[in-house]
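Reading through the structure tokens given below for one structure.
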Amino acid sequence: MDKDKYRQIMYNLISNAHNFLNKNGKISVDLSKQANNIIIHIEDNGIGISKNDLPHIFERYFRSKTSINKQTKGSGLGLSIVKSLVETHNGTINVKSTLGKGTIFTIVFRLE
């Protein structure tokens with residue numbers, strides 16, 4: 001994998017998590033190998049993403065109302081770039097989130 005692209009994926013996901021943490025929030029990153037896969041979990045206990053917004057978060061220029069209300073900087077391109085980079089490297093990315101409780105991004109890269 002291209003190390004600069006990997007760095008960009010991680011930077012975008014961790015900085016997003018940081019931007020939406022509550023005071024004394026926590027981000028955890030877990031990297032593991034299972035069978036022929038590398039699995040990366042990035043989990044936070046921040047504000048979460050609403051069910052209505054979840055299907056759209058990887059769309060270019062999409063910003064949830066929560067992110068706009070929080071007045072975070074950004075163009076809405078970060079997650080679409082992450083998804084594109086992951087898929088370019090034959091990976092998948094999924095997200096689970098509960099509003100008010102946090103978000104988990106899971107990336108799976110198949111080892112060849």
Group every Ile, Leu, Val, Met, Phe, Trp and Tyr by side-chain heavy-atom contacts under 4.5 Å, then state whether I9 and I27 land in the same group. yes

Any residue meeting salt bridge (Lys or Arg N to Asp or Glu O under 4.0 Å) with D4, in chain and number order, not counting sequence neighbours: R7

In terms of hydrophobic clustering (I, L, V, M, F, W, Y; side-chain heavy atoms under 4.5 Å; direct or indirect links), are V86 and L54 co-clustered? yes

Are Y11 and Y6 in one and the same hydrophobic cluster, where Ile, Leu, Val, Met, Phe, Trp and Tyr link if side-chain heavy atoms are under 4.5 Å apart? no

State, with a plain yes or no, whether a side-chain heavy atom of Q8 is found less than 4.5 Å away from one of L85. yes

Got a donor-acceptor contact below 3.5 angstrom from the N12 side chain to the V82 backbone? no

Look up atom CD1 in I93 and atom OG1 in T106, then write down how far apart they are to the nearest 0.5 Å. 8.5 Å

Using modelled atom types only, decide if a donor and an acceptor are shared between the side chain of N22 and the backbone of G25 within a distance under 3.5 Å. no

Side chain to side chain, I14 and F105, heavy atoms closer than 4.5 Å: no

Which pairs would a plain distance check flag for residues 95-103, meaning a side-chain donor or acceptor within less than 3.5 Å of a matching protein atom at least two apart in sequence or in another chain?
residue : atom : partner : partner atom : Å
S97     : OG   : I49     : N            : 2.7
S97     : OG   : G102    : O            : 3.0
S97     : OG   : T103    : OG1          : 2.8

Let me confirm one number: the CG-CZ distance from N90 to R110, rounded to the nearest 0.5 Å. 10.5 Å

Roughly how far apart are L21 CG and K26 NZ, rounded to 0.5 Å? 11.5 Å

Do D2 and H89 have side-chain heavy atoms sitting under 4.5 Å apart? yes

Which ring pair (Phe, Tyr, Trp, His ring centres under 6.0 Å) pairs, counting each pair once, include a residue from residues 23-60, with sequence neighbours left out? H56-F62

Report yes if some heavy atom in the side chain of L111 is under 4.5 Å from a heavy atom in the side chain of N37; otherwise report no. no

Student check: side-chain heavy atoms of F109 and I40 closer than 4.5 Å: yes

Would you call I81 and S84 a side-chain contact if the rule is heavy atoms closer than 4.5 Å? no

Hey, quick one: are M1 and L31 part of the same hydrophobic cluster, counting side-chain heavy atoms closer than 4.5 Å, chains of contacts allowed? yes

Out of curiosity, I38 CD1 to S32 OG, how far, rounded to the nearest 0.5 Å? 7.5 Å

Write down the atom of S80, the atom of L77, and the distance for their closest heavy-atom approach. OG-O, 2.9 Å

Does any part of the side chain of N94, heavy atoms only, come nearer than 4.5 Å to the side chain of I107, both counted from C-beta? no

Please tell me if the side chains of I39 and K33 come closer than 4.5 Å, counting only heavy atoms from C-beta onward. no

Straight-line distance of E59 CD to D53 CG, nearest 0.5 Å: 10.0 Å

